[in-house]
Amino acid sequence: MAKPAAPDTRALAARALAEIALRGASSREVLSRLTPQLLDARDRALLNALVQAGARSWLRYDVALDHMLDKPLRRKEPAVHALLVVGLVQLDVLELPAYAAVAATVQAARALGKPRMAGLVNAVLRRWQREGDALRTKLDADDASRWAQPAWLIDAVRRDWPQEAERVLATANREAPLTLRVNRRRGTRDAYLERLRAADLAAHAHPELADAVVLAESTDVTRLPGFADGDFAVQDGAAQLTADLLDLADGQRVLDACAAPGGKTCHALERHDVDMLAVELEAARVPRIRENLQRLGLDAHVVQADAASPDAWWDGAPFDRILIDAPCSASGVLRRRPDVRLHRRATDIGALNTIQRQLLDALWPLLAPGGRLLYVTCSLLRAENEDIVAPFLDRHADAEVLPITLPMGQTAGPGWQILPGDADLDGLYYAALGKRRV
């Protein structure tokens, strides 16, 4: 009996992009569901590259299609519209061989069950090849299509970081490096680098981060040496700084208040023998924390609850360390989570500010005198960072700023801001607060 044909990778990418860009789905959720349909590692890598680059560039090529189509397709034929974006991404971003990219994308129209659209797909991609320079000039004349980011976010970056804005906007449109965190309980970073070299995988130690390994190329991490054994986890370098800034020691009682997917929880446990409570609001994300703990050989008490309502889960014993990785705009991680630019709205910031304030105020009483609370966001917007922490300090006389100095980034009010691209890291904000002893 013949094996069923493998799905067409570009058609699968088009379906994924249509879900993400036109229906508001999460790229992580969509890719985790669709990637297993492809058995070949090369096909899976291509799918990921097409979807990530397509989401990252959607706000540019979506406009380009309006210039090239007499009638828009995004409502009547969303998958074909997304396939055209996939085609433009191959030609203009990934720079795949033009003949092969056009031919494969035309074939993908047939794989989508849209054979009558194959001629249109061919015509649009050929036109881009002929008129690309003129079309790029038109797209670059408008900020949103130039930077492939929403106008409100571009304005906010320019307002908050006028000297850095152009660099920050450009960084968001580049692929993030694949960064691993070596599990200290399973081996040393140097030893793991040797294992990668033995497997002919180019990688280097990040010079400013104790546990970080940066790979030269993205790859299927499940095929890397030691994945199943928990020898490493995937985590951006900026997030790896959390374990340092918490100033952990064995025996401490630690709360990770917004724990999913568990990267910071696990890193803390890899570093020290602490009594860890990981709280997560979204029930659907709790299993991911437990999966990561199990794979890495770690143990924590995981609770599904609202961290801002501690009466429902707190046992009354104070914590020596509290980590609040607060819900935020994710404006600092657009290169790694490109779908955020498609889903986030300016009107979301006020609601997020309310949550950020509630978390700080609700969890501060749980911190022991002499303890440390670390407030973290993956945002570069001042409204979510120093504009939240500074008023908190005004409200709480027993709170003091604990100084942060890192080899990358800069002071930002009572905290420290890493902007996207600093030391090739994501954009994160950190503020360390100490509770004065009475």
Side-chain angles (χ1 to χ4, degrees), residues 242 245-249 251-269 272-290 292-293 298-329 348-379 384-385 387-402 414-415 429-438:
T242 302
L245 295 174
L246 278 170
D247 190 28
L248 297 166
Q252 289 175 336
R253 192 162 194 256
V254 181
L255 168 66
D256 186 349
C258 306
K264 297 179 179 69
T265 295
C266 291
H267 196 192
L269 290 165
H272 292 280
D273 292 319
V274 297
D275 179 10
M276 174 69 73
L277 173 62
V279 176
E280 172 54 39
L281 175 62
E282 297 183 34
R285 303 185 74 195
V286 169
R288 180 72 183 279
I289 303 173
R290 294 196 170 105
N292 284 327
L293 287 164
L298 305 168
D299 184 55
H301 184 45
V302 182
V303 174
Q304 187 271 310
D306 183 357
S309 300
D311 287 348
W313 51 265
W314 184 41
D315 63 4
F319 294 94
D320 302 294
R321 298 289 185 266
I322 294 177
L323 170 62
I324 302 177
D325 189 2
C328 69
S329 65
D348 296 337
I349 304 303
L352 289 166
N353 290 163
T354 298
I355 295 170
Q356 291 151 5
R357 287 190 292 266
Q358 288 174 342
L359 284 167
L360 276 168
D361 287 334
L363 296 176
W364 184 251
L366 280 58
L367 185 66
R372 173 184 291 240
L373 183 150
L374 191 65
Y375 175 82
V376 185
T377 75
C378 55
S379 172
E384 300 184 276
N385 297 332
D387 290 352
I388 295 296
V389 176
F392 170 84
L393 291 164
D394 291 338
R395 294 194 302 273
H396 297 270
D398 58 346
E400 62 179 348
V401 175
L402 302 176
Y429 177 82
Y430 287 105
L433 307 176
K435 179 174 281 190
R436 294 187 177 95
R437 300 180 185 275
V438 178

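Along the sequence shown, residues carry numbers from 1.
Residue V274 comes nearest to A249 through the heavy atom pair CG1-O, 3.5 Å, listed as atom of the first residue, atom of the second, then distance. Here the closest heavy-atom approach between residue A257 and residue L363 is recorded as CB-CD1, 3.4 Å. Across all their heavy atoms, A268 and L248 have their closest contact at CB-CD1, 3.6 Å. For the residue pair A399 and F392, the shortest heavy atom distance occurs at CB-CE2, 4.1 Å. Taking both residues in full, the closest heavy atoms of E280 and R285 are given as OE2-CD, 4.0 Å, listed atom of the first, atom of the second, then distance. What you find for A259 and I289 is that their closest heavy atoms are CB-CD1, 3.8 Å.
By the side chain to side chain donor-acceptor pair (under 3.5 Å) test, D273 pairs with R185, sequence neighbours left out. For R290, the salt bridge (charged side-chain N to carboxylate O under 4.0 Å, His left out) test picks out no residue, with sequence neighbours left out. Looking at residues two or more places apart in sequence or on another chain, you find no salt bridge (charged side-chain N to carboxylate O under 4.0 Å, His left out) involving R288. Not counting sequence neighbours, D299 has no partner by the salt bridge (charged side-chain N to carboxylate O under 4.0 Å, His left out) test.
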Q.
Assess the residue pair W364 and D398 against the criterion (side-chain contact (heavy atoms from CB on, under 4.5 Å)); give the C-alpha distance rounded to whole Å, side-chain angles, the decisive distance to 0.1 Å, and a yes or no.
A. CA-CA 10 Å; W364 184 251; D398 58 346; 3.0 Å; yes
Q: Show your working on side-chain contact (heavy atoms from CB on, under 4.5 Å) between L293 and C266 and close with a plain yes or no.
A: CA-CA 6 Å; L293 287 164; C266 291; 3.8 Å; yes
Q) Please walk me through it: do W313 and D306 pass side-chain hydrogen bond (donor to acceptor under 3.5 Å, both in side chains)? A) CA-CA 9 Å; W313 51 265; D306 183 357; over 6 Å; no
Q: List the steps, then state whether side-chain contact (heavy atoms from CB on, under 4.5 Å) holds for Q358 with L360.
A: CA-CA 6 Å; Q358 288 174 342; L360 276 168; over 6 Å; no
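Counting only N and O atoms by type, the side chains of H301 and D275 include no donor and acceptor under 3.5 Å apart.
Rounded to the nearest 0.5 angstrom, N353 CG and I388 CD1 are separated by 4.0 Å. Within the model, atoms OH of Y430 and CG of L246 stand 8.5 Å from one another, a figure rounded to the nearest 0.5 Å. The CD1 atom of I324 sits 8.0 Å away from atom CG of L255, with the distance rounded to the nearest 0.5 Å.
For the pair T354 and R357, the minimum side-chain heavy-atom distance is below 4.5 Å. The shortest side-chain heavy-atom distance between L277 and V254 does not fall under the 4.5 Å cut-off. Proximity of P327 to L359: side-chain heavy atoms (C-beta onward) are separated by under 4.5 Å at one or more points. At a threshold of 4.5 Å between non-hydrogen side-chain atoms, the residues V389 and L433 count as touching. Annotation: side chain of P261 is in contact with side chain of N292 (closest heavy-atom distance under 4.5 Å). Considering only heavy atoms from C-beta on, L374 stays 4.5 Å or farther from I322 through its side chain. The shortest side-chain heavy-atom distance between L366 and P318 does not fall under the 4.5 Å cut-off.
Among residue pairs with one or both ends in residues 369-379, those qualifying as side chain to side chain donor-acceptor pair (under 3.5 Å) are S329-S379, S331-S379, T377-N385, S379-E384; sequence neighbours excluded. Applying the side chain to side chain donor-acceptor pair (under 3.5 Å) rule to pairs touching residues 252-266 yields R253-D315, D256-T265, K264-D325, sequence neighbours excluded.
Salt bridge annotation for R321-D247: present, with a cationic side-chain nitrogen under 4.0 angstrom from a carboxylate oxygen.
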